[in-house]
Amino acid sequence: MLRRARGGRRVRNTRNVVLTVLLFGVTVGAWEAAVRVLEVPAFILPPPSRVVVALWRGFATGLYLPHLGHTLLETILGFLVGSALGFGLGTIVALSRWVEFFLYPYIVMFQSLPKIALAPLIIVWFGLGLTSKVINAALVAFFPLLVNTMVGLKSADEERVSLMRSLAASERQIFWMLRLPNALPFVMAGLDVALIGAIVSEFVGAQNGLGMLMQSMNFTMDVSGQFSILIILSLMGLVLNRCILLVRRRVLFWDVSEKAAAAEKEGIRV
């Protein structure tokens, strides 16, 4: 039974991969055909073939790799800094009513500000270098972690909290044994939406990075090159998202949803 279930799972996975590839091929083919038949100018919508050529040319000439490394470094540093600050402040706000009373209105006001509007000020204060890009990326990652951490810590079952208090558990023990494990699914969900923040400030002003490169291509009407950079950013976001999913599976192995996903992966019905 187990071998049959695993065999069926492999067949389904292979079929899903084939269907995904076919759908992608049909979409790209339809795009290419529509642009050729309708004679759409390349500076409005380039055909996929020209985008692939621009992508190949950018990597072959060594143009994309330094900018890709710069954007990736900014994104990872900003993500780590913003996530750490969001989790720390979210924990403090969730566990202290006084802190929540005084800080929460300012948090809501600051969250409502569009980050693209803050980018020029950050550049004026910190310059065009790495620091301003990391700060902007950290702002993008900060608020999802802050909000999700607060919601997760506050959603702990009060009956369980009362039970632990009746057993003489300290607030620290309640936090580590109940509140934090309960909040981890919310924190991981916040990490999923806290990626790719550095690119925003690169569009406003930068010396390096894919955003700066797209801006320069915009001035020269190199739309094919811009599409090729969008593909790079999409793939970078996908890889970073997969890394978050791997961490989630390692950390939340006890969660019901993760158990169900693991069981389905092994071909076992829960």
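Along the sequence shown, residues are numbered consecutively beginning with 1. Just so you know, these numbers come straight off a predicted model, no measurement behind them.
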Take Glu171 and Leu95, measure what side-chain contact (heavy atoms from CB on, under 4.5 Å) needs, and give me the verdict at the end. CA-CA 10 Å; Glu171 290 298 324; Leu95 298 182; over 6 Å; no

Is there a side-chain contact between [X] and [Y] (heavy atoms, below 4.5 Å)?
X: Val18; Y: Arg15; result: no
X: Ile174; Y: Arg160; result: no
X: Val187; Y: Asn148; result: no
X: Lys133; Y: Thr71; result: no
X: Thr91; Y: Phe175; result: yes

So, applying side chain to side chain contact (heavy atoms under 4.5 Å, CB included) with Met236, which one of Leu238, Val239, Leu240 is it? Leu240

Assess whether side-chain contact (heavy atoms from CB on, under 4.5 Å) is satisfied between Leu65 and Phe59, documenting all intermediate values. CA-CA 7 Å; Leu65 281 178; Phe59 280 109; 3.8 Å; yes

Can you classify the ring geometry of Phe101 versus Trp98 as parallel (below 30°), tilted (30 to 60°) or perpendicular (above 60°)? perpendicular

Can you list, pair by pair, the side-chain donor-acceptor contacts under 3.5 Å of residues 221-232, counting residues two or more places apart and other chains?
unit_1 : atom_1 : unit_2 : atom_2 : d
Asp222 : OD1    : Gly225 : N      : 3.1
Gln226 : NE2    : Met214 : O      : 3.4
Ser228 : OG     : Tyr64  : OH     : 2.7
Ser228 : OG     : Gly225 : O      : 2.5

Nearest 0.5 Å, please: how far is CE in Met212 from NE2 in His67? 4.5 Å

Within this structure, what is the CG-CG distance for the pair Leu163 and Asp157, rounded to the nearest 0.5 Å? 9.5 Å

Under the side chain to side chain donor-acceptor pair (under 3.5 Å) definition, can you give me all pairs with a residue in residues 21-46, not counting sequence neighbours? Glu32-Arg36, Glu32-Ser49, Arg36-Ser49

Nearest non-hydrogen partners of [X] and [Y], listed with the distance:
X: Leu178; Y: Ala156; answer: CG-CB, 4.4 Å
X: Glu74; Y: Leu130; answer: CG-CD1, 3.3 Å
X: Asn182; Y: Ser155; answer: ND2-OG, 2.8 Å
X: Ala141; Y: Pro144; answer: O-CD, 3.5 Å
X: Pro105; Y: Glu100; answer: CD-O, 4.1 Å

Thr220 side chain vs Met217 backbone, donor-acceptor pair below 3.5 Å: yes

Could you tell me whether the side chain of Ser132 and the main chain of Phe126 form a donor-acceptor pair under 3.5 Å? no

Cluster check Met150, Leu103: I/L/V/M/F/W/Y, side chain < 4.5 angstrom: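 Yes.
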
